[in-house]
Number of protein chains: 2
Amino acid sequence: MSKASYHHGDLSQQARQQALTVLREQGDSAISLRALARQIGVSAPALYRHFADRESLLAELAIHGFQTLRQRLLQVTQTPPRQALIGIGLAYVSFAQDDPNLYRLMFGGRVLPRGAHPRLDDAGQAAFQVLEDTVERARRCGYLRPLPLSLMTATAWSLVHGLSQLTIDGHLPGTDAEPRLAEGITSLLLEGAISPTNNNEDTP
Amino acid sequence: MSKASYHHGDLSQQARQQALTVLREQGDSAISLRALARQIGVSAPALYRHFADRESLLAELAIHGFQTLRQRLLQVTQTPPRQALIGIGLAYVSFAQDDPNLYRLMFGGRVLPRGAHPRLDDAGQAAFQVLEDTVERARRCGYLRPLPLSLMTATAWSLVHGLSQLTIDGHLPGTDAEPRLAEGITSLLLEGAISPTNNNEDTP
DNA sequence: ATGCCAATGTTAACACTGTTAACTTGCAGG
DNA sequence: CCTGCAAGTTAACAGTGTTAACATTGGCAT
């Protein structure tokens, strides 16, 4: 199935693979269809039999990214509420740190506009769903304060996403051990989200 | 000073201006030096007298962005601690929403790598400094719990940055009024950061 | 006032890029 | 067998960033 003949037979897969390694090493802007084709040993227009355009190829990489992110989150979710929430935070940040360029592509925004690739939107939504389910479960256990679900999930999502982005871009002075930073930040948010067992005072 | 002669006299400024409007309307990837020169009415290589390369032009736009962000943050800082902290959060997010493409450029990461443009790093640092000063002031007032300064600033920075990025990219279901979302998120974090006036129980 | 020079433009060219059109090859099923 | 369709090919277009070599000019020193 890997004959050096006219019909390559495995081009689509091999192109994704090669694009992924280029992405990992040099970022999305370094992905060139012509260079990809050259390295694989095929002519550039051949790729258009498998991808509508460059952006569609990038979208597929991002989809794959969201799928593995979802898997990683699911793995740390089967635990008690607090542990699950902190685990999600840590898993999320470590995913971004392990694959910064992939993460940047997934949340590029301008490079992969929302709405242009439905399967991408779905994959992102599915990953987000893991977080939302975990938050809802924790709240139903009475572990979290009875605030609107959308508010709490948005807060958690914002926090881990912002932390990921800032650390991989080097905006945070990472002199300290960074895992501890992520853990501290996550629990700092939780101290505010934990339902007060006693001394419940509203802040109007 | 605007003669249609050989020496343009105002090219640098005009190029920045034009690049900024293109950025605002179509994003950084739509900024083309050749197209810019064409629209201004000058030959492409002329731009290289004023900018080392395309990336340097983008860097100057980002620098300007950080400067105006800093100004906006300073304006809401001259208030009591809690009001200042929430104000920073709101100002930050609204800045991103007013100018999404500029914001994306400022925190591009891959398009403007950290360390390549010292003046950019400084401008970003200066904006961050406003947040850090405000947090430190609030903590010294006793308004915040006595946690490490770096931890609290990192948390606040992560939260507002993540929220900004997620909203401008449409990842958050923005059906609700979004300003209220930002306010809710910011105060939710604060509830966890506020030093408990009574009933101080540590969580080891 | 004049002459020179550095700053600031110009054109031509190189090496890329994404993308489409038109043509060719060869495997698979009637 | 042969034919049709999927999957590859070359040629070409329009665009990009960037550099080299050349042209023009405004201002400064003589």
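Letters A, B, ... are given to chains in the order of the sequence lines, protein chains preceding strands, and every chain is numbered from 1.
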Between A/Arg38 and C/dT17, does any side-chain N or O lie under 4.0 Å from OP1 or OP2? yes

Taking only the side-chain nitrogens and oxygens of A/His50, find out if one of them lies under 4.0 Å from OP1 or OP2 of D/dA6. no

With a non-hydrogen cut-off below 4.0 angstrom, is A/Arg54 in contact with a base, only sugar-phosphate, or nothing? sugar-phosphate

Calculate the interatomic distance between [X] atom [atom1] and [N] atom [atom2]; express it in whole Å.
X       : N      : atom1 : atom2 : result
A/Leu57 : C/dT17 : CG    : P     : 15 Å
B/Asp53 : D/dT18 : CG    : C1'   : 9 Å
A/Leu36 : C/dG18 : CG    : P     : 9 Å
B/Asp10 : D/dT25 : CG    : C1'   : 17 Å
B/Tyr48 : D/dG17 : OH    : P     : 6 Å
B/Arg49 : D/dT25 : CZ    : P     : 16 Å
A/Leu11 : D/dA6  : CG    : P     : 16 Å
A/Phe51 : C/dT19 : CZ    : C1'   : 16 Å

Side chains of A/Arg72 and A/Thr68: do they bring a donor and an acceptor to under 3.5 Å? no

Quick one: do the B/Asp121 and B/Gln125 side chains pair a donor with an acceptor below 3.5 Å? no

Specify the residue among B/Ser32 and A/Pro45 whose closest nucleotide of DNA chain D lies further upstream toward the 5′ end. A/Pro45

Return whichever of B/Ile31 or A/Arg34 has its heavy-atom-nearest nucleotide of DNA chain D closer to the 5' end. A/Arg34

Choose from D/dT18, D/dT16, C/dT10 the nucleotide whose nearest atom is closest to any side-chain atom of B/Ser43. C/dT10

Of the nucleotides D/dT18, D/dT9, D/dT16, which has the atom closest to the B/Ala35 side chain? D/dT16

Is B/Arg140 atom CZ crowded by more than 12 heavy atoms from other residues, nucleotides or ligands, each under 6.0 Å away? no

State whether the number of non-hydrogen atoms from other residues, nucleotides or ligands found under 6.0 Å of A/His50 atom NE2 is greater than 12. yes

Mind checking whether A/Phe128 and B/His171 have ring centres under 6.0 Å apart? no

